J.: 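My structure is below; once you've seen it, I'll send some questions.
Values in this document were obtained by computation on a predicted structure and should not be read as measured data. Just so you know, ligand 1 is whichever comes first in the structure, and atom 1 is the first atom listed for that ligand.
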Amino acid sequence: MDKILRIENLNTGFIIENNLYFALNNINLDFERGKIHALAGESGCGKSVFINTILKLLPKNARITSGKIYFNELNLLDIKEKDFNKIRGSKISLIPQDPFMSLNPLYKIENQLLEVNSLKNINKKEAKEIIKNSLNEVKIKNIENVLKSYPHELSGGMKQRVIIAMALISNAELILADEPTTALDVSVSNSILNLLLDLKNKGKTIILITHDLSIVYNYCDSATIMYLGDIVEKAPSKELFKNPKHPYTKALLEALPTKKGKKLENIKGQISPITEIIEGCKFHSRCKYVKKICTTKKPSLNNHCAREVACWLYE
Ligand code: SF4
């Protein structure tokens with residue numbers, strides 16, 4: 001398997017009132033090149049911390065206490081900040097939940113696109129041609145108008161297209177998409193997800209963060225389910241839907257709307273804050289299959305039926 005990203009024993013925590021609390025616990029994950037990989041779970045599961053750890057965009061109280069992040073065999077955690085700036089935004093791009101965060105409200109779209117690193121050493125006419133081609137690829141029709149606009153003059157979907165065009169211009173190999181459709185209407189959201197499929201077909205690798213398992217099923221090749229900083233299940237996405245194993249995955253799937261109008265099951269309880277220390281399996285207070293060992297001993301991630309799963313039901 002050609003792996004673009006390999007995460008080994010990654011632990012990221014936050015210092016809160018002088019104590020270190022972990023938001024990522026011993027994460028080991030491989031990402032195959034040219035695929036869409038989903039990271040799924042409720043808010044607070046550690047998905048965004050994972051992406052921000054890769055991009056080294058963590059707040060000051062964050063600590064990466066151990067681990068390795070190999071991007072094309074280069075350990076990103078060994079790279080100095082000034083060198084990392086050449087990777088962030090060029091080889092690895094971020095599509096954020098709120099595209100407004102990635103666009104400077106003071107500059108017109110054209111000026112912002114001309115600032116993309118890969119365009120800095122070519123003449124303006126050539127650069128503009130590349131920009132127009134990229135905007136065309138993300139199916140923006142009124143290109144000249146968009147180029148002359150400030151971000152606040154564009155709709156959410158249009159801003160998200162501009163961000164994806166930026167990733168195309170920079171020729172990023174790896175795209176981290178952090179709930180890129182959450183703020184959009186369903187029809188716009190589908191068109192953005194279809195653009196991600198186009199990027200995959202051009203050989204890009206995408207890590208897509210979502211809490212919506214229907215997106216995982218329809219658009220992703222593999223899925224990793226996270227709960228409170230732990231990987232609880234990892235499988236090819238179709239396999240995960242056909243035959244979910246972890247009770248948390250099952251609960252997420254039961255909460256999905258179905259065409260048959262079946263009553264949706266809510267997941268009991270709420271996700272705990274990272275400051276709460278939980279003995280045993282972190283999901284045990286919400287799990288309908290909980291047994292005695294679950295409250296005292298944490299299950300490890302093991303191979304089971306074409307996936308990895310961390311649950312005492314399969315030990
Ligand atoms: Fe439920 Fe126990 Fe499995 Fe945790 S280990 S998901 S509590 S059955």
J.: Nearest to atom 5 (S) of ligand 1, what protein heavy atom do you find, and at what distance?
T.: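 Going by distance alone, atom 5 (S) of ligand 1 is nearest to Trp312 N, 3.2 Å.
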
J.: Considering only the protein, which heavy-atom contact is closest to atom 2 (Fe) of ligand 1, and what is its distance?
T.: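 Closest protein heavy atom to atom 2 (Fe) of ligand 1: Cys294 SG, 2.3 Å.
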
J.: Students should be able to answer this: which protein heavy-atom is nearest to atom 3 (Fe) of ligand 1, and at what distance?
T.: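 Checked against all protein heavy atoms, atom 3 (Fe) of ligand 1 sits closest to Cys311 SG, 2.3 Å.
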
J.: Enumerate the atoms of ligand 1 whose separation from the nearest heavy atom of His284 is less than 4.0 angstrom.
T.: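 Ligand 1 atoms under the 4.0 Å threshold to His284: 7 (S).
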
J.: May I ask you to identify, for Cys281, whether its side chain, its backbone, both or neither come under 4.0 Å of ligand 1 on a heavy-atom basis?
T.: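 Side chain only.
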
J.: Quick one: do Lys128 and Glu110 make a salt bridge, cutoff under 4.0 Å?
T.: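 Answer for the salt bridge query: yes.
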
J.: Scan side-chain atoms only and decide if His284 and Thr295 contain a donor-acceptor pair under the 3.5 Å cut-off.
T.: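 No pair is found: no donor N or O on one side chain lies under 3.5 Å from an acceptor on the other.
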
J.: Closer than 3.5 angstrom, by distance alone: can the side chain of Arg161 be matched with the main-chain N or O of Lys159 as a donor-acceptor pair?
T.: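 Not confirmed, Arg161 side chain does not pair with Lys159 backbone.
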
J.: For atom 1 (Fe) of ligand 1, what is the closest protein heavy atom, and at what distance to 0.1 Å?
T.: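 Here the nearest protein heavy atom works out to Cys287 SG, 2.3 Å.
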
J.: Flag the pair Lys282 and Glu276 as a salt bridge only when some basic side-chain nitrogen lies within less than 4.0 angstrom of an acidic carboxylate oxygen.
T.: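 No, Lys282 and Glu276 are not salt-bridged.
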
J.: Looking at Tyr70, I'd like to know if the NZ or CZ of Lys3 sits under 6.0 Å from its six-membered ring centre while staying within 45 degrees of the ring's axis.
T.: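 Relative to the ring axis of Tyr70, which defines the angle, Lys3 lies outside at least one limit.
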
J.: For Arg286, is there an ion pair with Glu42 - N to carboxylate O distance below 4.0 angstrom?
T.: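 A salt bridge is present here (some side-chain N lies under 4.0 Å from a carboxylate O).
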
J.: Is any N, O or S atom of His246 under 2.8 Å away from atom 3 (Fe) of ligand 1?
T.: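 Looking at His246, which is the residue asked about, there is no N, O or S atom under 2.8 Å from atom 3 (Fe) of ligand 1.
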
